[in-house]
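These notes are about the structure you will find just below.
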Protein chains: 4
Amino acid sequence: MVDGSGRGRPRSESARAAVLHAVDDLLVEVGYAALTMKGIAERAGVGRQTVYRWWSNKAEVLYEASAIDAREELSVPRSDDPLKDVKAYLDALVAFLAHSHAGAAYRALMGEAQHDAEVAALLASRDILGESAAEVVEAVRERSDTTLSLEQATALLIGPPFFHILTGRDAGGIDTERLTEQFVRTLNHPGA
Amino acid sequence: MVDGSGRGRPRSESARAAVLHAVDDLLVEVGYAALTMKGIAERAGVGRQTVYRWWSNKAEVLYEASAIDAREELSVPRSDDPLKDVKAYLDALVAFLAHSHAGAAYRALMGEAQHDAEVAALLASRDILGESAAEVVEAVRERSDTTLSLEQATALLIGPPFFHILTGRDAGGIDTERLTEQFVRTLNHPGA
Amino acid sequence: MVDGSGRGRPRSESARAAVLHAVDDLLVEVGYAALTMKGIAERAGVGRQTVYRWWSNKAEVLYEASAIDAREELSVPRSDDPLKDVKAYLDALVAFLAHSHAGAAYRALMGEAQHDAEVAALLASRDILGESAAEVVEAVRERSDTTLSLEQATALLIGPPFFHILTGRDAGGIDTERLTEQFVRTLNHPGA
Amino acid sequence: MVDGSGRGRPRSESARAAVLHAVDDLLVEVGYAALTMKGIAERAGVGRQTVYRWWSNKAEVLYEASAIDAREELSVPRSDDPLKDVKAYLDALVAFLAHSHAGAAYRALMGEAQHDAEVAALLASRDILGESAAEVVEAVRERSDTTLSLEQATALLIGPPFFHILTGRDAGGIDTERLTEQFVRTLNHPGA
DNA sequence: GCGTAAGCGAGACGGTACGTCACGTCTTCCA
DNA sequence: TGGAAGACGTGACGTACCGTCTCGCTTACGC
């Protein structure tokens, strides 16, 4: 029993699913800016109060709706070639940020976080990009004798394509092969 | 004569200034999310229509209000030592993004651009970060034999701190000295 | 159940009453021209949307607010002397049109109806003046052998004071005694 | 010289005519409610200030634009048969109030006067209906020995059709022949 | 014939009401 | 007793018109 008492009508799992489904659809159909709690509730065939009961704003709904997708899209199978894994991760990252629905949601939330402390806290609670990169970055770090922290190395890897895409440049201009080489070389350089 | 005809009452420069001043103040006081066209007009002591006449949304007002500041804060004097210049630029960039008012405005607009095509177009019309970095990046590029484009090199330089700050990490964790070395070394590496 | 389903929060009767009360007060205080939906809502301590939800413009609110008063002020007790009743009705009519609040509202609506089809339709849906006169006119008509329709007879009775007051003449100049005699005589004249 | 000094550019007669013409057209095209000073000025190809310089509101423009037409439409040639003249006048009155453009303007102004003291004063300055009826009413009055004042007799004549039309009833239902007879008979009745 | 003064069209100004929308809360009935 | 329905008060949205105020320009008088 999730609930402390077990008394009263239990939370409707179908209502929860309907809301998450609705927000997914609406994000694609009308975009983030036109997403409204009212619209989500109506699309889900759910009372407005029900949405507010479980999520306090559209960012939370959107986060829950896309976080799982995001982690999935950004997880790449490990091989025994770290360089190949880094390349694969960068490809997944570019695809996620530039082309996926979950990525659009992430970018929207990241943007909102720039001027909304609650959203910032929400995103900070789960460093989706950092976590997803951790494994591959760690693999490269281990084999090098770099003194860079995991966080610094991660920024080095993700930063360039992240900047490229978030500033509206064409994702086609990103050469993940080259970025991989540069990343690995930087970490392996003596004294780095 | 700026106007084509010179007919009619000329635009009030004082009203324009009052609006830009008001938006600057309000951004600091209430934050981006709570900025409203109504609030800007009232704070500026200006009619609402007057604001709408010259700017179509709060993003445009904010952009005009902060673009000049931004260019100023990000322009660093050139010396004869490119490495020193890169470091100075990175310091200015971190200060701008993490601590300046104009930078907060820029981050807000950049965020908004993730889910608002008009704001995206507005920002794309003036690549503030790219432009500001162009000189120092070009100086390093010229002395190397890299085949990286200006855009790619720029992403390499700006990306890591940009990612660091926009994902809410502490700006204190950025080692601009080290980033400078890594950037220059990457460009100078044979075959890069 | 008035509503089809009975679902959802029921209409707030107190909000309705507050609006009707507010419009009554405001009409007296600021006059018809300065009546605004915004003002009504604020005075009633009610959301603007709530006013629009139940009435589509100020004419409708005003109509509902004054129609009941109007019918009351214009209803005169019947006696067994039709002539006396006609005189009493004319006195009530003059008092209503020239001096009562409800009458001021009626004149305002009647005026608005001259250039607003919706208001015209609203007034046409309930011929307040015609209805109020019907009983006394009918009583006189029955006792005569006139071929005048009820409508024609009504215009004959109401027309002169109506014209007098609406064209801004002093209501004191209306001799209801004489108008009564003339009305009754006209209906009773052979061949009329 | 109308002007005190005669100095400065004289009033443009063409601008005046253009405004009066424009307000006539617009009344027909968009109706009274949608008439605006802005619209009038634009339609006349005239500066907004020019309209305000000579008329203080739309009622004044409309009044000047339609008063002459009104007097013309309501003036009927005198014959040596007063009864025939009264009938002709009533026909002209019904045509004016129910079907003419100038009449529509008059009804609009009369309506506005019910809740706008300035418009009321404007209309009171020229009792268009009363003046137009004076001649025929006086002719009948002279031949009778009635003690009714001109004003009372006028209300008796104009009232019924006025009420009929202003309360939105079909003008076709007005029997001017019969109204004429009733009017004349009432004035001629001994003791009236 | 030149200066002064007022009217001209244009159009921006500070205001304010419009009618709509979404917010987040509330009050009802139904399952 | 949770959930749907939907009304509630609040307040921003973007538009329209208000009446006023510059503008540069066009007359027309009077010195």
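Protein chains get the first letters and strands the later ones, always in sequence-line order, with residue 1 at the start of each. Not measured: the values here are computed from a predicted model.
If you measure from atom CD of A:Glu13 to atom P of F:dG3, you get 11 Å, rounded to the nearest angstrom. Residue B:Trp55 contributes atom CH2, which lies 19 Å from atom C1' of F:dC13 at whole-angstrom precision. Computed from coordinates, the B:Arg7 CZ to F:dT22 P distance equals 19 Å when rounded to whole Å. Rounded to an integer number of Å, the gap from NZ of D:Lys38 to P of E:dG9 is 16 Å. Counting to the nearest Å, the P atom of F:dC18 and the CG atom of D:Asp116 are 14 Å from each other. What separates CD1 of C:Ile40 from P of E:dA17 is a distance of 12 Å, to the nearest Å. The distance from atom CG of D:Asn57 to atom P of F:dC17 is 17 Å, rounded to the nearest whole Å. E:dG19 atom P lies 11 Å from atom CD of C:Glu60, rounded to whole Å.
Listed pair C:Trp54 / F:dC8 meets the phosphate criterion, a side-chain N or O lying under 4.0 Å from OP1 or OP2. Taking side-chain N and O atoms only, C:Thr50 has a distance below 4.0 Å to OP1 or OP2 of F:dG9. Taking 4.0 angstrom as the limit, D:Arg53 places a side-chain polar atom (N or O) nearer than this to OP1 or OP2 of E:dC8.
Within a 6.0 Å radius of CD in A:Glu29, more than 12 heavy atoms belonging to other residues, nucleotides or ligands are found.
Side chain of B:Asp25 to main chain of B:Val28: no donor-acceptor pair is present (N/O by atom type, distance under 3.5 Å, no hydrogens or angles).
Listed nucleotides: E:dG9, E:dT4, F:dG19. Nearest to the side chain of D:Tyr52: F:dG19. Between E:dC23, E:dG14, E:dG7, one nucleotide has an atom nearer to the side chain of D:Arg9 than all others, and that is E:dG7. Across F:dG14, F:dT20, E:dA17, the shortest atom-to-atom separation from the side chain of D:Arg48 is found for F:dT20.
In this structure, OG on C:Ser56 lies 14.0 Å from CZ on C:Arg53, to the nearest 0.5 angstrom. Between C:Gln114 atom CD and D:Tyr32 atom OH the span is 12.0 Å, to the nearest 0.5 Å.
Of all heavy-atom pairs spanning C:Leu20 and C:Val23, the tightest one is O-CG1, 3.2 Å.
In terms of position on DNA chain E, the residue among B:Arg11 and C:Lys58 whose nearest nucleotide sits closer to the 5' end is B:Arg11. With DNA chain F read from its 5' end, the first of the two nearest nucleotides for B:Thr36 and D:Thr36 is the one closest to B:Thr36. Toward the 5' end of DNA chain E, the nearer of the two residues B:Gly47 and C:Pro10, judged by each one's closest nucleotide, is B:Gly47.
A donor-acceptor contact under 3.5 Å links the side chain of C:Gln49 to the base of E:dC21.
Note on B:Gly39: nothing from the nucleic acid sits closer than 4.0 angstrom, heavy atoms only.
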